[in-house]
**Student:** 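Take this structure, written in C-alpha coordinates, and hold onto it; I'll ask about it next.
All values below were derived from every heavy atom in this structure, side-chain atoms included, with hydrogens, water molecules and symmetry-related copies excluded.
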Amino acid sequence: MVTDFANSIELVRFAQNEGLFTSLTDQLSKDFQRANLSFETAEDVGPEAFVARLNARVDGILQTRFSAFQNLVYLIDIPEKTMKDIKGSNRSEMIGQTVLVMLKRTWQKVWIRHLHANKN
(Lines give C-alpha, C1' and ligand atoms only; values in the text may rest on other atoms or scores of the structure.)
Protein backbone atom coordinates (compact mmCIF):
# COMPACT_ATOMS: atom_id res chain seq x y z
CA MET A 1 0.00 0.00 0.00
CA VAL A 2 1.36 3.39 -0.98
CA THR A 3 1.29 5.82 1.95
CA ASP A 4 4.37 7.96 1.42
CA PHE A 5 2.80 10.90 -0.38
CA ALA A 6 4.64 14.22 -0.59
CA ASN A 7 1.43 16.23 -0.33
CA SER A 8 -2.35 15.97 -0.30
CA ILE A 9 -2.76 16.62 -4.02
CA GLU A 10 -0.47 13.70 -4.84
CA LEU A 11 -2.53 11.44 -2.58
CA VAL A 12 -5.83 12.53 -4.17
CA ARG A 13 -4.41 12.03 -7.67
CA PHE A 14 -3.31 8.54 -6.71
CA ALA A 15 -6.79 7.76 -5.35
CA GLN A 16 -8.29 8.99 -8.62
CA ASN A 17 -5.90 6.84 -10.68
CA GLU A 18 -6.85 3.81 -8.59
CA GLY A 19 -10.56 4.55 -9.09
CA LEU A 20 -11.02 5.14 -5.36
CA PHE A 21 -11.53 8.91 -5.18
CA THR A 22 -15.25 8.50 -4.51
CA SER A 23 -14.53 6.00 -1.74
CA LEU A 24 -12.00 8.42 -0.24
CA THR A 25 -14.44 11.34 -0.26
CA ASP A 26 -17.28 9.16 1.04
CA GLN A 27 -15.17 7.94 3.97
CA LEU A 28 -14.03 11.47 4.75
CA SER A 29 -17.61 12.76 4.62
CA LYS A 30 -18.71 9.92 6.90
CA ASP A 31 -16.03 10.79 9.47
CA PHE A 32 -17.01 14.46 9.33
CA GLN A 33 -20.68 13.56 9.84
CA ARG A 34 -19.86 11.35 12.80
CA ALA A 35 -18.15 14.41 14.34
CA ASN A 36 -21.30 16.49 13.65
CA LEU A 37 -19.50 18.45 10.96
CA SER A 38 -20.25 18.75 7.29
CA PHE A 39 -17.97 18.19 4.36
CA GLU A 40 -19.42 17.40 0.97
CA THR A 41 -17.75 17.55 -2.40
CA ALA A 42 -18.79 17.07 -5.98
CA GLU A 43 -17.27 14.14 -7.81
CA ASP A 44 -16.16 16.27 -10.73
CA VAL A 45 -13.75 18.46 -8.75
CA GLY A 46 -10.06 18.17 -9.43
CA PRO A 47 -7.46 17.26 -6.81
CA GLU A 48 -6.36 20.88 -6.32
CA ALA A 49 -9.93 22.13 -5.76
CA PHE A 50 -10.73 19.23 -3.45
CA VAL A 51 -7.64 19.79 -1.30
CA ALA A 52 -8.20 23.56 -1.22
CA ARG A 53 -11.78 23.04 -0.07
CA LEU A 54 -10.72 20.54 2.59
CA ASN A 55 -7.96 22.88 3.82
CA ALA A 56 -10.48 25.73 4.10
CA ARG A 57 -12.96 23.52 5.94
CA VAL A 58 -10.39 22.26 8.44
CA ASP A 59 -9.13 25.81 9.00
CA GLY A 60 -12.67 27.02 9.65
CA ILE A 61 -13.33 24.22 12.12
CA LEU A 62 -10.08 24.95 13.95
CA GLN A 63 -11.00 28.62 14.25
CA THR A 64 -14.57 28.13 15.44
CA ARG A 65 -15.00 24.65 16.92
CA PHE A 66 -11.75 23.29 18.29
CA SER A 67 -13.42 20.55 20.34
CA ALA A 68 -15.23 19.35 17.19
CA PHE A 69 -11.86 19.28 15.42
CA GLN A 70 -10.42 17.15 18.21
CA ASN A 71 -13.39 14.81 17.92
CA LEU A 72 -12.86 14.57 14.15
CA VAL A 73 -9.19 13.68 14.62
CA TYR A 74 -10.24 11.00 17.10
CA LEU A 75 -12.88 9.59 14.74
CA ILE A 76 -10.49 9.49 11.80
CA ASP A 77 -8.16 7.63 14.18
CA ILE A 78 -5.07 9.79 13.99
CA PRO A 79 -2.60 9.11 16.81
CA GLU A 80 -2.03 11.99 19.22
CA LYS A 81 1.72 11.78 18.64
CA THR A 82 1.19 12.30 14.90
CA MET A 83 -0.80 15.45 15.58
CA LYS A 84 1.82 16.73 18.02
CA ASP A 85 4.55 16.18 15.43
CA ILE A 86 2.93 18.59 12.97
CA LYS A 87 5.18 21.60 12.61
CA GLY A 88 4.95 24.58 10.37
CA SER A 89 6.24 28.08 9.96
CA ASN A 90 2.73 29.45 9.44
CA ARG A 91 -0.92 28.54 9.86
CA SER A 92 -1.40 27.59 6.22
CA GLU A 93 1.49 25.14 6.29
CA MET A 94 0.20 23.55 9.50
CA ILE A 95 -3.30 23.19 8.04
CA GLY A 96 -1.81 21.58 4.94
CA GLN A 97 0.13 19.08 7.03
CA THR A 98 -2.96 18.36 9.13
CA VAL A 99 -5.04 17.68 6.02
CA LEU A 100 -2.31 15.41 4.64
CA VAL A 101 -2.33 13.36 7.86
CA MET A 102 -6.13 13.16 7.73
CA LEU A 103 -6.10 12.06 4.11
CA LYS A 104 -3.34 9.48 4.70
CA ARG A 105 -5.32 7.82 7.49
CA THR A 106 -8.54 7.94 5.49
CA TRP A 107 -6.69 6.48 2.49
CA GLN A 108 -5.48 3.58 4.65
CA LYS A 109 -9.08 2.75 5.58
CA VAL A 110 -10.23 2.95 1.96
CA TRP A 111 -7.32 0.91 0.60
CA ILE A 112 -7.69 -1.87 3.16
CA ARG A 113 -11.43 -2.07 2.50
CA HIS A 114 -10.70 -2.18 -1.24
CA LEU A 115 -8.20 -5.03 -0.83
CA HIS A 116 -10.56 -7.09 1.30
CA ALA A 117 -13.48 -6.53 -1.08
CA ASN A 118 -11.38 -7.79 -3.99
CA LYS A 119 -10.26 -10.96 -2.18
CA ASN A 120 -13.75 -12.46 -2.32
**Student:** Checking Thr82 now: which residues fulfil side chain to side chain donor-acceptor pair (under 3.5 Å) with it, not counting sequence neighbours?
**Tutor:**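 Partners of Thr82 under the side chain to side chain donor-acceptor pair (under 3.5 Å) test: none.
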**Student:** How long is the gap from CG on Leu54 to CZ on Phe32, to the nearest 0.5 Å?
**Tutor:**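 Going from the CG atom of Leu54 to the CZ atom of Phe32 covers 5.5 Å.
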**Student:** For residues 83-102, which residue pairs pass the ring pair (Phe, Tyr, Trp, His ring centres under 6.0 Å) check, not counting sequence neighbours?
**Tutor:** none
**Student:** Rounded to the nearest 0.5 Å, what's the gap from CD on Gln27 to CZ on Arg113? Could you check?
**Tutor:** 4.5 Å
**Student:** If every non-hydrogen atom of Ser8 is compared with every non-hydrogen atom of Gly96, which pair is closest and at what distance?
**Tutor:** OG-O, 4.1 Å
**Student:** Would you confirm whether Arg34, through its side chain, and Ile76, through its main-chain N or O, come within 3.5 Å as a donor-acceptor pair?
**Tutor:** no
**Student:** With under 30° as parallel and over 60° as perpendicular, where do the rings of Phe21 and Phe50 fit, or are they tilted in between?
**Tutor:** perpendicular
**Student:** Of the options Asp77, Asp26, Asp31, which is the one that meets Lys109 in a salt bridge (Lys or Arg N to Asp or Glu O under 4.0 Å)?
**Tutor:** Asp31
**Student:** For Gln97 versus Ile86, what's the shortest heavy-atom pair and its separation?
**Tutor:**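 For Gln97 and Ile86, the tightest heavy-atom pair comes out as OE1-CG2, 3.5 Å.
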**Student:** Could you state the interatomic distance from CD1 (Ile95) to CG (Leu100), rounded to the nearest 0.5 Å?
**Tutor:**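 Answer for the CD1-CG pair, Ile95 versus Leu100, is 13.0 Å.
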**Student:** Which heavy atom of Glu10 sits nearest to which heavy atom of Phe5, and what is that distance?
**Tutor:**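 That closest heavy-atom pairing would be OE2-CA, 3.5 Å.
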**Student:** As an exercise, state the distance from CD of Gln33 to CG of Leu75, rounded to the nearest 0.5 Å.
**Tutor:** 12.0 Å
**Student:** If only side-chain N and O atoms count, and only distance matters, is there a donor-acceptor pair under 3.5 Å linking Gln108 with Arg105?
**Tutor:**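 Short answer, yes.
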**Student:** Can I get a per-line list of side-chain donor-acceptor pairs under 3.5 Å for residues 61-74, giving both atom names and the distance, sequence neighbours left out?
**Tutor:**
| unit_1 | atom_1 | unit_2 | atom_2 | d |
| --- | --- | --- | --- | --- |
| Gln63 | NE2 | Asp59 | OD1 | 3.1 |
| Gln63 | NE2 | Asp59 | OD2 | 3.2 |
| Thr64 | OG1 | Gly60 | O | 2.8 |

**Student:** Can you tell me which residue among Asn7, Ile9, Leu11 is in a side-chain contact (heavy atoms from CB on, under 4.5 Å) with Pro47?
**Tutor:**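 Between Pro47 and the candidates, side-chain contact (heavy atoms from CB on, under 4.5 Å) is satisfied uniquely by Ile9.
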